[in-house]
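For reference, the structure is listed below as structure tokens.
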2 protein chains.
Amino acid sequence: MQFQAARSKFSLFCVHQTVSGLIRLNFYQVKAEKRGIKVSNTYENMTGRRQNEPPSTGNRNLPLKTPKGTRDYEPGAMALRQRLLDQVVRVFRKHGAVPLDTPVFERKELLAGRYGEEAKLIYELQEQGGEPLALRYDLTVPFARYVALHNLSSMKRYQLAKVYRRDNPQPARGRLREFYQCDFDIAGAYDPMLPDAECVKVVCEVLLQLDIGAFVVKVNHRKLLDALLQVCGVSAEMFRTVCSSIDKLDKMPWDAVREELILQKGLQVETVEQIGMYVTLHGGLELVDRLAYDAKMNCHPGAKEALDELRLLFQYCALFQVADRLSFDLSLARGLDYYTGVIYEAVLVGGDNDDEGTQAAFVGSVAGGGRYDNLVGTFNPHRKQLVPCVGVSIGVERLFCIMEARTREEPRTNHTQVYVASVHKGLHLKRLEILNRLWAAEISAEHSYKTNPKLLDQLQHCEQYRIPYAVIIGDGELARGVVKLRNVATRQEEEVELEMLIEKVSSQLLNDP
Amino acid sequence: MQFQAARSKFSLFCVHQTVSGLIRLNFYQVKAEKRGIKVSNTYENMTGRRQNEPPSTGNRNLPLKTPKGTRDYEPGAMALRQRLLDQVVRVFRKHGAVPLDTPVFERKELLAGRYGEEAKLIYELQEQGGEPLALRYDLTVPFARYVALHNLSSMKRYQLAKVYRRDNPQPARGRLREFYQCDFDIAGAYDPMLPDAECVKVVCEVLLQLDIGAFVVKVNHRKLLDALLQVCGVSAEMFRTVCSSIDKLDKMPWDAVREELILQKGLQVETVEQIGMYVTLHGGLELVDRLAYDAKMNCHPGAKEALDELRLLFQYCALFQVADRLSFDLSLARGLDYYTGVIYEAVLVGGDNDDEGTQAAFVGSVAGGGRYDNLVGTFNPHRKQLVPCVGVSIGVERLFCIMEARTREEPRTNHTQVYVASVHKGLHLKRLEILNRLWAAEISAEHSYKTNPKLLDQLQHCEQYRIPYAVIIGDGELARGVVKLRNVATRQEEEVELEMLIEKVSSQLLNDP
């Protein structure tokens with residue numbers, strides 16, 4: 001029998017060892033390349049290739065790379081990313097949100113004046129005889145534009161899409177110029193803090209589900225910040241720029257921020273000292289209560305409103321069993337211009353010295369959001385009623401970065417269930433016929449695209465790509481109306497009547513774990 | 001009992017009628033707007049809204065719209081699009097392809113010289129102090145760039161992503177400036193037509209699965225076209241521009257193309273007459289055989305090679321049971337520069353006079369592709385071996401356009417399983433507590449974000465959004481340790497012990513069809 005002969009020629013144990021070695025190599029190459037080490041894909045040279053004439057066109061010396069701050073997602077990364085996005089979407093749907101998609105670019109003037117000092121990071125398109133356009137910078141402004149354009153009074157939507165920022169990329173920390181955002185937002189005039197608390201709950205659910213390690217959700221209130229600056233003697237037009245200095249307190253010590261406020265922003269020393277007394281405070285509900293009795297704060301109507309809302313937020317979050325995650329932090333300011341109320345930011349707090357702890361500390365903020373009650377209104381100023389909004393954006397790229405570093409084994413990237421192999425030449429038409437029957441039965445199946453492939457190469461392909469079954473055909477068996485069905489992992493083979501192949505494979509696949 | 005009292009106040013039958021009326025209105029609004037008719041969303045004004053102060057910022061008069069040739073995908077469209085993309089991915093995976101994602105923009109010079117006369121439609125980014133960038137025009141060039149960059153010798157990948165073309169948009173025909181492409185490509189040095197036939201099979205499987213109506217797959221061969229032009233006396237440097245005229249034969253009669261070739265492209269009349277004899281031919285395998293005996297063709301080595309390959313393609317496609325879909329069409333040229341061998345294009349041929357037939361004829365080509373053996377090589381010219389490729393791109397936007405027009409009922413856009421309603425005020429904390437338990441059990445649940453919502457509004461929300469169950473709480477019932485569980489569709493209610501609520505809801509959801 002031809003088939004038996006072919007099999008006995010090779011030591012498949014040896015093949016298996018080589019193949020797993022290659023897979024391991026490949027996976028660590030990917031990891032190494034992520035850390036900026038260029039590793040040549042040596043294993044690629046082991047697959048057979050025809051000698052062909054060199055390409056007739058293109059002797060140019062092209063700079064062969066992706067644009068600065070961007071990356072390709074190879075199949076292994078795609079499998080991991082898809083799993084992550086699926087988990088995020090499941091939480092969003094659990095809270096009743098519906099999907100939305102908007103164009104990758106917007107009319108430039110719609111983005112203008114939304115992002116404060118960050119506006120310089122917007123990618124603009126070349127004017128090629130049409131409207132001035134810019135790539136979206138976040139998903140919040142397009143959402144508000146959508147609500148305004150369609151004249152909606154309420155909507156709870158989620159959107160998963162890439163946004164673009166001409167920032168300084170730090171790939172190791174998951175900071176890229178093209179990156180996914182996963183946003184959950186609630187638009188509509190509702191009662192205080194009910195939608196806001198649900199946004200905080202959504203963040204906590206996502207992070208708990210991803211099992212990403214310890215985290216806290218810092219909260220603050222824009223109106224409290226404004227009140228604080230006012231009572232300290234900062235003029236209203238300086239609020240935003242002072243806030244953006246305060247926002248740096250998660251990366252810089254107070255002394256450095258203090259210096260920036262005095263030397264760069266030109267504030268009086270005593271004003272800055274007073275600010276410092278407040279913005280270095282953080283705590284829980286007890287801090288909310290303490291501030292409510294603060295001599296300066298308790299006679300400021302904005303501060304009172306903000307503290308009442310924060311108290312309510314703590315109460316609702318307690319019912320959602322996430323209050324212990326909240327950290328009221330008066331230094332949290334968030335850079336964007338459009339926030340008007342509660343703001344929050346989830347931060348990983350990996351404290352231990354292990355790999356993951358370091359990684360977490362490295363990554364920092366992984367989600368953020370807040371209330372923006374006026375943004376929709378700025379798009380249609382003639383409309384009488386506001387559409388208040390609150391939302392949260394999950395920084396999946398950073399979460400992905402941690403999960404990728406943590407993954408010990410590359411996920412399987414294909415969904416092939418059966419590989420159709422032939423033991424000798426002259427069988428490619430028969431392979432096509434069997435493939436066609438497998439496909440008709442909705443079974444994922446592949447074969448070699450060579451008319452006369454080596455059996456060893458075919459079996460090696462199955463092991464490398466972790467394809468569970470191989471159908472092996474040979475003249476001897478075909479003459480008897482049978483084929484071999486091989487379990488690739490166990491290497492056990494059995495003869496199956498060709499007529500019964502589809503039933504047999506289907507039931508095997510059903511029984512697989 | 002408070003709850004009973006509240007219920008008896010309203011005629012829910014009347015509510016139901018109004019609500020379905022609204023849903024229907026909304027759906028037809030969407031349809032009407034798709035045909036370019038702007039319909040104001042009057043139903044939105046029926047939901048209760050608070051009076052709020054007007055926005056403090058933003059009295060600008062912004063042109064509130066999406067950029068030319070782009071659209072928002074509202075939740076209903078998203079649900080339909082996701083279903084379509086899932087079906088396409090299932091076919092791609094059935095054939096063993098693995099996913100890939102590349103950045104939305106590429107370095108400009110990598111796109112230069114790839115798209116022939118279409119290159120003027122590329123969106124360029126403004127130079128803001130970095131590399132010159134352009135939005136991707138297709139997924140083929142980024143794929144070839146990826147294969148070259150990572151020095152791969154083979155890969156079978158799929159990619160679903162948006163591409164950008166500054167074309168004249170025709171939204172009714174699904175022709176937009178931002179649109180999805182779904183690509184399946186096989187890179188690697190293999191035996192003739194084995195990967196090519198599988199690409200044709202993939203196209204047919206996708207279109208059959210979508211049940212989109214009758215279609216044919218036109219096939220031709222770039223080398224045959226070149227041979228044909230050569231034997232008719234066209235000089236080599238004129239091949240591509242003559243091809244782009246010939247390619248118009250699916251939209252223009254031969255006489256118009258003839259005139260363009262003579263008057264605009266400056267060809268001799270007898271040359272054009274000879275071309276016309278060939279490019280108006282179409283048929284099946286018999287036409288391949290007939291041309292093989294053609295006096296001019298049979299002594300041209302390029303023509304012979306092309307005809308041999310086409311014969312093989314027909315043979316393999318017969319084994320895949322799709323040969324009857326093939327139409328060998330000598331006028332098929334395809335505009336892009338990079339094709340080197342077999343080319344194909346799937347075209348809907350809705351012949352009947354019904355709605356769908358007209359739509360199909362309107363839409364035309366829905367998939368296309370071919371062999372491009374030199375593209376990867378142009379990215380790394382110093383590499384000895386070519387990486388030949390063949391692939392296909394599914395024009396999902398056009399398919400989506402047909403399916404959207406065909407859909408009679410808007411798909412459900414949310415996944416909410418339970419709505420937690422209260423019959424009187426003072427119950428919002430209890431609602432939050434119940435919601436939290438439902439979420440912990442992975443049940444999708446929502447409530448009103450008002451502390452004191454009207455029961456009617458709450459039940460109306462359930463019917464409008466087709467949420468299957470409502471948990472209704474009232475003080476009377478709560479005192480007895482029970483809640484009402486309402487089946488929204490049948491309006492049947494039963495009392496359930498609060499302690500057993502999660503189990504009860506879970507088992508109800510499991511039993512749902």
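Just so it is clear, the values below take in all heavy atoms, side chains as well, and ignore hydrogens, waters and symmetry mates. Labels below follow one simple rule: chain letters A, B, ... track the order of the sequence lines, proteins then strands, and each chain is numbered from 1. Note that the coordinates shown come from a computational prediction; the quantities given were computed from them, not determined experimentally.
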Check: Do A:Leu64 and B:Arg145 touch side chain to side chain, with heavy atoms closer than 4.5 Å?
Finding: yes

Margin query: With a 4.5 angstrom heavy-atom cut-off, is it the side chain or the backbone of A:Leu319 that approaches chain B, or both, or neither?
Written below: both

Notebook entry, point to check: By a 4.5 Å heavy-atom criterion (distance strictly below it), what part of B:Ile122 contacts chain A: side chain, backbone, both, or neither?
Noted result: backbone

Check: Looking at residues at least two apart in the chain, or sitting in another chain, which of them share a salt bridge (Lys or Arg N to Asp or Glu O under 4.0 Å) with B:Lys162?
Finding: A:Asp101, B:Glu178

Checklist line | Proximity breakdown for B:Ile467 and chain A, heavy-atom pairs closer than 4.5 Å | finding: neither

Next item on the list: Between chain B and each of A:Gly96, A:Gly130, A:Pro67, count heavy-atom pairs under 4.5 Å; write down the option with the most.
Entry: A:Pro67

Next item on the list: Would you indicate whether the side-chain heavy atoms of A:Lys201 and B:Leu435 approach each other to under 4.5 Å?
Entry: no

Margin query: Check whether A:Asp191 reaches the backbone of B:Thr451 with its side chain - one donor and one acceptor, N or O, closer than 3.5 Å.
Written below: yes

Margin query: Under 4.5 Å from any heavy atom of chain B, what part of A:Ile186 do you find: side chain, backbone, both or neither?
Written below: side chain

Notebook entry, point to check: Out of curiosity, A:Tyr158 OH to B:Asn414 CG, how far, rounded to the nearest 0.5 Å?
Noted result: 10.5 Å

Next item on the list: Answer whether the closest heavy-atom distance between the side chains of A:Tyr316 and B:Leu429 falls below 4.5 Å.
Entry: yes

Notebook entry, point to check: Between B:Lys120 and chain A, which part of the residue has a heavy atom less than 4.5 Å away: side chain, backbone, both or neither?
Noted result: neither

Item checked: Nearest atoms (heavy-atom pairs only) where A:Glu124 meets B:Gln128 -> N-OE1, 3.2 Å

Margin query: Please rank B:Thr416, B:Leu135, B:Thr66 by heavy-atom pairs under 4.5 Å with chain A and give me the top one.
Written below: B:Thr66

Checklist line | Over all atoms of both residues, closest heavy-atom pair of B:Tyr449 and A:Leu194 | finding: O-CD1, 3.3 Å

Item checked: Which portion of A:Val104 sits near chain B, non-hydrogen atoms under 4.5 angstrom -> both

Check: For the candidates B:Leu432, B:Asn452, B:Thr413, which exhibits the highest count of non-hydrogen atom pairs separated by less than 4.5 Å from chain A?
Finding: B:Leu432

Check: Given the options B:Glu205, B:Gln417, B:Lys65, which has more heavy-atom pairs under 4.5 Å with chain A than any of the others?
Finding: B:Lys65

Item checked: Minimum side-chain heavy-atom gap B:Glu198-A:His447 below 4.5 Å -> yes

Check: At a heavy-atom separation under 4.5 Å, does B:Asp373 approach chain A through its side chain, its backbone, both, or neither?
Finding: neither

Next item on the list: Sort out for me which of A:Glu127, A:Lys156, A:Met155 touches chain B most, counting heavy-atom pairs under 4.5 Å.
Entry: A:Lys156

Checklist line | Shortest non-hydrogen contact between A:Pro75 and B:Val98, atoms and distance | finding: CG-CG2, 3.4 Å

Notebook entry, point to check: Taking all non-hydrogen atoms of both residues, which atom of A:Ala189 and which atom of B:Lys450 are closest, and how far apart?
Noted result: O-CE, 3.7 Å

Checklist line | NE2 on B:His150 to CG on A:Asp72, rounded to 0.5 Å | finding: 4.5 Å

Note to self: side chain to side chain contact (heavy atoms under 4.5 Å, CB included), that's the test. Do A:Leu100 and B:Tyr73 meet it? Break it down for me.
What the structure shows: CA-CA 6 Å; A:Leu100 174 71; B:Tyr73 280 81; 5.9 Å; no

Notebook entry, point to check: Which answer fits A:Tyr419, side chain, backbone, both or neither, if we ask what part of it has an atom under 4.5 Å from a heavy atom of chain B?
Noted result: neither

Item checked: Beyond-backbone contact of B:Asn436 with A:Gln321, side-chain heavy atoms, under 4.5 angstrom -> yes

Checklist line | Portion of B:Leu133 that has a non-hydrogen atom of chain A nearer than 4.5 angstrom | finding: side chain

Notebook entry, point to check: Heavy atoms, side chains only, cut-off 4.5 Å: are A:Phe105 and B:Thr70 in contact?
Noted result: yes

Item checked: Stepwise salt bridge (charged side-chain N to carboxylate O under 4.0 Å, His left out) test for B:Glu442 and A:Arg90 -> CA-CA 9 Å; B:Glu442 293 302 323; A:Arg90 207 176 313 135; 5.9 Å; no

Notebook entry, point to check: Given a strict heavy-atom distance threshold of 4.5 Å, which part of B:Met193 is in contact with chain A: side chain, backbone, both, or neither?
Noted result: neither

Check: Does A:Tyr146 reach the side chain of B:Glu74, with side-chain heavy atoms less than 4.5 Å apart?
Finding: yes

Checklist line | Structural part of B:Arg437 lying under 4.5 Å from a heavy atom of chain A | finding: neither

Next item on the list: Take A:His95 and B:Trp439 through the side chain to side chain contact (heavy atoms under 4.5 Å, CB included) test and state the conclusion after the steps.
Entry: CA-CA 8 Å; A:His95 290 264; B:Trp439 291 332; 3.2 Å; yes

Note to self: Given heavy-atom pairs under 4.5 angstrom as the criterion, report whether the side chain, backbone, both or neither of B:Gln82 touches chain A.
What the structure shows: neither

Note to self: Taking every non-hydrogen pair under 4.5 Å, which of B:Glu433, B:Lys68, B:Gln315, B:Gln126 racks up the most with chain A?
What the structure shows: B:Gln126

Next item on the list: Sort A:Arg157 into side chain, backbone, both or neither according to what part of it lies under 4.5 angstrom from a heavy atom of chain B.
Entry: neither

Checklist line | Side-chain touch B:Ile443/A:Lys94, heavy atoms, less than 4.5 angstrom | finding: no

Next item on the list: Only counting residues at least two apart or in another chain, list the ones meeting side-chain hydrogen bond (donor to acceptor under 3.5 Å, both in side chains) with A:Arg107.
Entry: A:Glu131

Checklist line | Interchain contact, B:Arg177 with chain A, by part (heavy-atom threshold 4.5 Å) | finding: neither

